[in-house]
Amino acid sequence: MNAPAKFFDATTPVAFAGKDAANTHAFRWYDKDRMVHGRRLEDHLRFAVCYWHSLCWPGGDPFGGETFLRPWHHGTDAMAMARAKADVAFELFRLLDVPFFTFHDVDAAPEGDSLRESVANLNAIADLFERKMASSKVRLLWGTANLFTHRRYMAGAATNPDPDIFTYAAGQVRAALEVTHRLGGQNYVLWGGREGYETLLNTDLKRELDQLGRFVSLVVEHKHRIGFKGPILIEPKPKEPTKHQYDFDVATCYGFLERYDLLKDVKLNIEQNHAILAGHSFHHEVALAEALGVFGSLDINRGDDLLGWDTDQFAMNVGELALVFHEILNRGGFTSGGLNFDAKIRRQSIDPDDLIHAHVGSMDACARAFLAAADMLDAGALTTPIAARYEGWAGPEGRAILGGQRSLADLADRAMSPGFDPQPRSGRQEYLESLVNRYV
C-alpha cells in the first residue's frame with residue numbers, strides 16, 4: 001500500500017510566532033533559536049517524537065477497539081504498511097520541526113515468522129529511514145526492542161524461566177542495538193515491561209535478578225564491541241503490565257546497577273507517569289537520579305493523578321515541568337538524552353492534525369517551563385536558600401565531620417560540652433512555594 005497523498009491538513013512546519021499569536025499552527029513559547037545559558041533552546045530541550053504512540057497506537061482501550069482507523073494499520077502486505085507508516089512519520093517530524101525521533105523495533109517493521117525474518121524486515125526499514133534522514137534534519141535519539149508484547153515474553157524476556165527465550169530476546173536486542181548504531185542513535189533504551197512477577201508463588205527472585213543483571217551486561221559488552229558510544233538507558237516503572245517490576249523506581253535501579261557493576265555504562269530514562277505510579281513526584285525521581293549520577297533522559301508525558309495506571313497524556317503542567325528543568329539545568333542540562341514524547345492523544349482525538357496540536361501544546365509547555373527554570377536559576381531563587389540552609393556543612397566543622405576527621409566520640413563529647421545548644425531554623429516551605437509561583 002502507499003501512504004495517503006495528504007494525511008495531515010497542515011502543510012508547512014510549525015514556527016515560532018510569539019505568545020500572543022492567534023494562529024493555532026504556531027509555537028508561542030518554543031523559539032528554537034533563542035539562546036539560553038549559552039545554548040539554543042532546541043539544543044537544550046532535544047525534542048523527540050516517538051513512533052509507538054504517535055504512529056502505531058490504534059486508539060483502543062480495554063473496553064473498545066480502534067478509533068483512529070489509520071490507513072497503514074489495514075492491509076495484507078505488512079512491509080508495505082510499514083513503509084507507508086514511515087512516510088507519514090517523517091512528514092510528522094517535518095511539520096513539527098523536531099530534531100529527533102525514537103522507535104521500538106516492531107514499531108518500525110513487522111515481526112516475521114522467525115527472528116531471522118524479523119531482523120531482515122527491521123534492516124529493510126532501517127534502509128528506508130537512512131534515505132529519509134539523509135534529506136531531513138531529524139536524527140535518532142534512541143532505539144529499543146519490544147520484549148513485552150509477543151506471547152513468548154509473557155513471563156519476561158531476560159527474567160524468563162526458559163533460557164531459550166532469554167536467547168531469543170538477546171538476538172532481538174542485538175539487531176535493534178545494531179540498527180540504532182547504524183542510524184546514529186545517541187542512546188539505547190531497555191524497558192523491562194515484563195521483567196517482574198505476577199506472584200511470588202512461582203518466582204525465584206534472586207535467579208531472575210541475576211538473569212537480568214547478566215542480560216544488561218551482555219548488552220553493554222556488545223555496545224562496546226560494535227563501537228556504540230551512547231549510554232544504555234534503563235526506564236524505571238513500578239508496575240503495569242506486571243504486578244511488580246524489577247526496575248521499580250530510580251532508587252531500585254541504582255541499587256541494581258551498583259550490584260551488577262553497570263553504573264559506568266547505564267543511565268536512566270525517567271518518565272513522569274511512571275514516577276507517580278511509584279508513589280513519587282516527577283521532580284523527586286529526576287532529582288534523585290541527578291544526585292546519584294545516573295540521570296540520562298526523559299520520557300516527557302503526564303499521568304492522571306486520579307487514576308492508577310499509565311495514561312501517557314501529553315505533558316502540559318508548566319509548574320511541575322519548571323522544577324524538573326531547574327534540576328536538570330542546574331546540573332548542566334542534557335548530554336545524550338532529551339525529551340521524548342512517550343505520550344498519546346486521547347481516544348476521541350481522531351483527526352490527524354490532533355497529533356500536531358498535542359505535540360505543539362506540549363512543546364510550548366516545556367519551553368515555557370524551561371524558560372521559567374532558567375530565570376529561577378539566574379536569580380538564585382532556589383539555589384541560594386538551599387545553600388544557606390546547609391551553610392554549616394560548608395564550614396570547618398561540617399567539612400571535618402564529612403572528611404572523616406571526627407569520630408563518634410568526638411561528636412558526642414562536643415554535644416555534651418557546656419553551652420552547646422543548637423536551635424532549629426525554619427524550612428520556609430511556604431515562602432519557597434510562593435516564590436516558585438512568581439516564575440510560573
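We count residues from 1, following the sequence as given.
- Here CD of Glu66 is found 11.5 Å from CD1 of Ile350. Values are rounded to the nearest 0.5 Å.
- Two rings, from His104 and Tyr51, have their centers 6.0 Å or more apart.
- Using a 4.5 Å heavy-atom threshold, the side chains of Val294 and Leu288 count as separate.
- When all heavy atoms are compared, the tightest approach of Cys50 to Asp342 is SG-CA, 4.1 Å.
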*Determine, stepwise, if the pair Trp72 / Leu55 fulfils side chain to side chain contact (heavy atoms under 4.5 Å, CB included).*
CA-CA 9 Å; Trp72 57 88; Leu55 284 307; 3.9 Å; yes
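- When ring centroids are compared, Tyr30 and Phe47 come within the 6.0 Å threshold.
- A distance of 13.5 Å separates CD of Glu391 from CD1 of Ile386, quoted to the nearest 0.5 Å.
- More than 12 non-hydrogen atoms from other residues, nucleotides or ligands lie less than 6.0 angstrom from CZ of Arg347.
- Annotation: the span from Glu240 atom CD to Lys243 atom NZ amounts to 15.5 Å, rounded to 0.5 Å.
- In this structure, a donor-acceptor pair under 3.5 Å is present between the side chains of Gln172 and Tyr153.
- Side chain to side chain, Asn146 and Thr149 meet the donor-acceptor criterion of an N or O pair below 3.5 Å.
- Checking Tyr246, Phe148, Trp142 one by one against Trp191, the ring-ring contact (aromatic ring centres under 6.0 Å, His included) holds for a single residue, Phe148.
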_Between Phe93 and Phe100, is the ring pair (Phe, Tyr, Trp, His ring centres under 6.0 Å) condition met? List the steps._
CA-CA 8 Å; Phe93 306 156; Phe100 296 105; over 10 Å; no
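- With Trp52 contributing its side chain and Val106 its backbone, the two residues share no donor-acceptor pair below 3.5 Å.
- Around CE of Met35, the count of heavy atoms belonging to other residues, nucleotides or ligands within 6.0 Å exceeds 12.
- For the residue pair Asn187 and Ser336, the shortest heavy atom distance occurs at OD1-OG, 2.6 Å.
- For the pair Leu190/Tyr188, a side-chain contact is recorded, criterion being any heavy-atom separation below 4.5 Å from C-beta on.
- Between the side chains of Glu271 and Asn273, no donor-acceptor pair of N or O atoms lies under 3.5 Å.
- Counting only heavy atoms from C-beta outward, the side chains of Trp57 and Asp312 never approach each other to under 4.5 Å.
- For CG of Asp304, the number of neighbouring non-hydrogen atoms (other residues, nucleotides, ligands) closer than 6.0 Å is greater than 12.
- Nearest heavy atoms, Lys344 versus Thr311: CE-O, 3.8 Å.
- Taking all atoms of both residues into account, the shortest heavy-atom contact from Met316 to Ala365 is CA-CB, 3.9 Å.
- Sorted by first and then second residue, the salt bridge (charged side-chain N to carboxylate O under 4.0 Å, His left out) pairs with a member in residues 91-112 read Lys32-Asp97, Glu91-Arg94, Asp97-Lys137, Glu111-Arg152; sequence neighbours excluded.
- The backbone N or O of Gly156 lies less than 3.5 Å from no partner atom in the side chain of Thr159, so there is not a single donor-acceptor pair.
- Under a cutoff of 6.0 Å and an axis angle of 45°, Arg259 and Phe256 do not form a cation-pi pair.
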*Give the C-alpha distance, both sets of side-chain angles, the deciding distance and a yes or no for side-chain hydrogen bond (donor to acceptor under 3.5 Å, both in side chains) between His274 and Asp299.*
CA-CA 10 Å; His274 296 177; Asp299 269 5; over 6 Å; no
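- Annotation: the span from Lys237 atom NZ to Glu195 atom CD amounts to 13.5 Å, rounded to 0.5 Å.
- Judged by distance alone, the side chain of Arg399 and the main-chain N or O of Ala394 form a donor-acceptor pair under 3.5 Å.
- Of the candidates Asn317, Leu323, Ile300, Ile300 is the only one forming a side-chain contact (heavy atoms from CB on, under 4.5 Å) with Phe282.
- Between Trp29 and Phe16, the ring center distance fails the sub-6.0 Å criterion.
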Residues 223-235 side chain polar contacts: donor-acceptor under 3.5 Å, at least two apart:
from   : atom 1 : to     : atom 2 : distance (Å)
Lys223 : NZ     : Phe228 : O      : 3.3
Lys223 : NZ     : Gly230 : O      : 2.8
His224 : NE2    : Asp265 : OD1    : 2.8
Glu235 : OE1    : Asn269 : ND2    : 3.0

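- Using a 4.5 Å cut-off on side-chain heavy atoms (C-beta onward), Asp127 and Glu130 make contact.
- Gln348 CD: 12 or fewer foreign heavy atoms inside a 6.0 Å radius.
- Ion pairing of Glu320 with Arg368 is absent here, as no side-chain N (NZ or NE/NH1/NH2) approaches a carboxylate O to less than 4.0 Å.
- Residues Phe370 and Leu41 form a side-chain contact, since some pair of their non-hydrogen atoms from C-beta on lies under 4.5 Å apart.
- Side-chain N or O atoms of Gln272 include one that pairs as donor or acceptor with a backbone N or O of Gly303 at under 3.5 Å.
- Judged by distance alone, with hydrogens and angles left aside, the side-chain atoms of Asp351 form no donor-acceptor pair with the main-chain N or O of Asp354 at under 3.5 Å.
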_Between Thr11 and Lys6, does the side chain to side chain contact (heavy atoms under 4.5 Å, CB included) criterion hold? Intermediate values first, please._
CA-CA 9 Å; Thr11 57; Lys6 187 172 181 294; 3.7 Å; yes
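- Checked against the 6.0 Å centroid criterion, the rings of His359 and Phe314 qualify as a close aromatic pair.
- Within the 3.5 Å criterion, the main-chain N or O of Gly337 finds a donor-acceptor partner in the side chain of Arg46.
- Atom CZ of Phe101 and atom OG of Ser136 lie 8.5 Å apart (nearest 0.5 Å).
- A donor atom on one side chain and an acceptor atom on the other are not found under 3.5 Å apart for Asp353 and His25.
- Nearest heavy atom pair, residue Ala278 against residue Asp249, reads CB-CB, 4.2 Å.
- Proximity of a side-chain donor or acceptor of Arg83 to a complementary backbone N or O of Ala78 within less than 3.5 Å is not detected.
- Here the straight-line distance linking atom CZ of Arg139 with atom CG of Leu141 works out to 13.0 Å at 0.5 Å rounding.
- With Lys132 contributing its side chain and Ser135 its backbone, the two residues share no donor-acceptor pair below 3.5 Å.
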*Begin from the C-alpha positions of Asn301 and Phe341 and carry the test side chain to side chain contact (heavy atoms under 4.5 Å, CB included) through to its verdict.*
CA-CA 6 Å; Asn301 64 16; Phe341 285 110; over 6 Å; no
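- Counting heavy atoms of neighbouring residues, nucleotides and ligands inside a 6.0 Å radius, atom CZ of Arg389 does not exceed 12 of them.
- In terms of modelled atom types and a separation under 3.5 Å, the side chain of Thr180 and the main chain of Ala176 share a donor-acceptor contact.
- Under a 4.0 Å N-O distance rule, the pair Arg40/Asp43 qualifies as a salt bridge.
- At least one donor-acceptor pair closer than 3.5 Å links the side chain of Thr144 to the backbone N or O of Val189.
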*Going through the distances and angles, do Met376 and His326 end up as a side chain to side chain contact (heavy atoms under 4.5 Å, CB included)?*
CA-CA 7 Å; Met376 283 193 286; His326 183 274; 3.8 Å; yes
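- Across all their heavy atoms, Met154 and Arg194 have their closest contact at O-CD, 4.3 Å.
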